[in-house]
Amino acid sequence: MAKTLSITTWNINSVRLRIDQVLRFLAEDQPDVLCLQETKCPDPVFPTGAFANAGYGHQAFIGMKGYNGVAILSREPIRPLGAREMCAKPDARHIAVEIGEGASAIQIHNFYVPAGGDIADPEANPKFAHKLAFVEELRQFSEGQRKAVPRSVLVGDLNIAPLEHDVWSHKQLLDVVSHTPVETDAMKAAIAEGEWCDAFRVLTPEPQKLYSWWSYRSPDWAAADKGRRLDHIWLGRGLKDQLVSGAIRKETRGWERPSDHVPITLTLERD
DNA sequence: ATGGTGGTTAGACCA
């Protein structure tokens, strides 16, 4: 068995439109497991063959027409654990698998948290209310995982930048959905409840800036560098001592017709 | 500064 396990998470913003970019990334980086969000792809037309040809023949995915959708692609066998209906909605925002055998098995949970709309007021904006309810459900889920499955990894586009240095300007974004105190507090509560290790922040502590997303609306995204860290990989209490390294593939944001998110990869020591 | 850009899909809806 391999001595390490590498897991990538990437909001691809249409897996069919960007299949060539995903395949390029897989060829270059060869993570063991790739978790995607916003596949925007119904299951019957998911590009299973393209991933299998690239060496990722073990697949779990759930999608819908036009919106949302998550997938887990693996180079080695996985056991599907199914998809949760978060907030009682069948909207394809979670899927999970188990990888590895016996006592060394690891659960991987891939989430796509609602973006939350533009107005940071749950009374005025149902999308923001949905986001807050989703993160509260994530907190409850975290409690269960902490107790029952300490060897868990939670990844995804969580659409919240929890820390001051997870955004280009803390003060200018305090009223902007993704960095409001009610969201960042809710996310911190979920992390605490699960005793999750925020892996990229252990590897690169504040005050160093970390971003995984740059808006399409920024005319010169690289020069302006007004990013946010919306994508995350959390390690359960049974895995936090196995953290090896992390990588943020910022250069993919400069590819032709890119996703607005970039892939982030965490490597774990394996036992 | 209340725009700006992009994907899905054919007029909005979502990010």
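Computation of the quantities below employed the complete heavy-atom set of this structure, encompassing side-chain atoms and omitting hydrogens, waters and symmetry-equivalent molecules. Numbers restart at 1 for each chain; the letters A, B, ... are given by sequence-line order, proteins then strands.
- Nucleotide B:dC14 holds its P atom 19 Å from the CG atom of A:Leu230, rounded to whole Å.
- Here A:Tyr56 is tied into one hydrophobic group with A:Trp10, A:Ile12, A:Val15, A:Ile19, A:Val22, A:Leu23, A:Phe25, A:Leu26, A:Leu34, A:Leu36, A:Phe46, A:Phe51, A:Phe61, A:Leu73, A:Trp255, each link being a pair of ILVMFWY side chains closer than 4.5 Å.
- At whole-Å resolution of the value, CD in A:Gln21 and P in B:dG6 are 13 Å apart.
- Taking the nucleotide of DNA chain B with the nearest heavy atom to each of A:His261 and A:Thr39, the more 5' of the two is matched to A:Thr39.
- Rounded to whole angstrom, the span from the NZ atom of A:Lys65 across to the P atom of B:dG7 amounts to 18 Å.
- Note: CH2 (A:Trp255) to P (B:dG6) measures 18 Å, nearest angstrom.
- Spacing of C1' atoms, B:dG4 relative to B:dA15, comes out at 14 Å, to the nearest Å.
- Salt bridge status for A:Arg79 with A:Glu101: present, with a side-chain N to carboxylate O gap under 4.0 Å.
- Checked against salt bridge (charged side-chain N to carboxylate O under 4.0 Å, His left out), A:Lys240 has no partners two or more places apart in sequence or in another chain.
- Comment: A:Asp225 engages A:Lys250 in a salt bridge, judged by a side-chain N to carboxylate O separation of less than 4.0 angstrom.
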For this session: Decide yes or no on salt bridge (charged side-chain N to carboxylate O under 4.0 Å, His left out) for A:Arg270 and A:Glu76, but give the supporting numbers first.
Result: CA-CA 14 Å; A:Arg270 207 139 122 146; A:Glu76 64 183 87; 3.0 Å; yes
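- Within the 4.0 Å cut-off from OP1 or OP2 of B:dT8, not a single side-chain nitrogen or oxygen of A:Arg16 is found.
- Put simply, CG on A:Asn125 is 13 Å from C1' on B:dA15, counting in whole angstrom units.
- Among the protein residues, A:Arg93 comes within range of the sugar-phosphate backbone only, with heavy atoms under 4.0 Å from sugar or phosphate atoms but none that close to a base.
- Residues from residues 209-223 of chain A with heavy atoms under 4.0 angstrom of DNA chain B, sorted by number: A:Tyr216, A:Arg217.
- Rounding to whole angstrom units, NZ of residue A:Lys40 and C1' of B:dC13 are separated by 10 Å.
- Close to B:dG6, at under 4.0 Å from its OP1 or OP2, lies no side-chain N or O of A:Arg18.
- The CD1-P distance, from A:Ile119 to B:dT2, rounds to 16 Å in whole Å.
- Both key distances under 3.5 Å define a Watson-Crick or G-U pair, and stretches of 3 or more such consecutive pairs in DNA chain B run B:5-8 with B:12-15.
- For the side chain to side chain donor-acceptor pair (under 3.5 Å) test, no residue two or more places apart in sequence or in another chain qualifies with A:Arg237.
- Between the side chains of A:Asn159 and A:Ser178, not a single donor N or O lies within less than 3.5 Å of an accepting N or O.
- Rounded to whole angstrom, the span from the OH atom of A:Tyr67 across to the P atom of B:dA12 amounts to 13 Å.
- When each of A:Asn11 and A:Ser14 is assigned the nucleotide of DNA chain B with its nearest heavy atom, A:Ser14 is the one assigned upstream, toward the 5' end.
- Of the charged side-chain nitrogens involved, none lies within less than 4.0 Å of a carboxylate oxygen, so that A:Arg84 and A:Glu137 do not count as a salt-bridged pair.
- Contacts of A:Asn13 classified as side chain to side chain donor-acceptor pair (under 3.5 Å), with partners at least two apart in sequence or in another chain: A:Lys40, A:Tyr216.
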